[in-house]
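Encoded as structure tokens, the structure appears first; notes follow it.
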Amino acid sequence: MWPRTLYDLARGAADLIFPPACLLCDAAEAEAAPFRHGFCSACRDALTADPAARCPKCAATVGPHTDLKGGCPACRGRGFGFDATVRLGPYDGSLRAAILKTKGSAGEPVAEMLGRTLAEARATELRALAATVVVPVPLHWRRRLTRGYNQAAAVADELAAALKLPLRPAWLVRTKPAEQHTQPSATARAVNIRGAFRVGRRASFAGASVLVVDDVMTTASTAAEAARMIRAAGASRVGVAVLARA
Ligand SMILES: [Zn+2]
Ligand SMILES: [Zn+2]
């Protein structure tokens, strides 16, 4: 099969010289071609283990006996515009360390392989969302310029490939950069993000079931604002997939 990602391409060349190594710890990578996963089996287990109960609506970790009807205590009564969230895990431990790596200069292959891991480890939950199209949460162009790529788009690309769905990164456009140097409260974040997106010129959301993809969900205001725009543009359903829920 043809290499799909930067990671696959780099591996194709590197395999001739070095045995594949884990992107996180330098141990040997767990498994073989055609499509690799980037991580050794210990790291993969750590990244995919998610034993805690979680809210099906916002993916927050909840106690084992929490009543989840209509959401968890954190999201019940909040109209998010999306009705389900799938996560790889909590924003903690190995997953947090891996996500921090995606923000570094050689971060793109890590983001890609985390996306691939999410697609495979949560395949059943992702399919249950019955999406018809995949849309990453966009980065503001200025931010993409400094980082070189959009992590959410790298993850979304892998999800779209695994689910055999069209990927439409241009359907949602970021018009306002994210707040960078502050740790705003949930309310402040919700206000900041208002009007941060617009629907792309060639978007066609009418009747679509949309899977919105982001790297980390913290207060859910970003995903909620994206979902609000997408619903306003006529989508019938919005589900969310994230690498991690803070
Ligand atoms: Zn490893
Ligand atoms: Zn919840």
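Counting convention: from 1, in listed order, for ligands and their atoms alike.
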The Zn ion (ligand 2): angle it makes with SG (Cys55) and SG (Cys72), nearest 10 degrees = 110°
Taking the Zn ion (ligand 1) as the vertex, measure the angle between atom SG in Cys43 and atom SG in Cys22; round to 10°.
-> 110°
Rounded to 10 degrees, the angle SG of Cys58 makes with SG of Cys75 at the Zn ion (ligand 2) | 110°
About how many Å separate OG1 of Thr61 and OH of Tyr91, when rounded to the nearest 0.5 Å?
-> 14.0 Å
Smallest separation among heavy atoms of Thr218 and Arg245, with atom names | O-NH1, 2.7 Å
Indicate whether any N or O donor in one side chain lies under 3.5 Å from an N or O acceptor in the other, for Thr222 and Arg174.
-> no
Taking the Zn ion (ligand 1) as the vertex, how big is the angle to SG in Cys40 and SG in Cys25, rounded to 10°?
-> 100°
In plain terms, say whether Glu225 and Lys176 are close enough for a salt bridge, that is, a side-chain N and a carboxylate O under 4.0 Å apart.
-> no
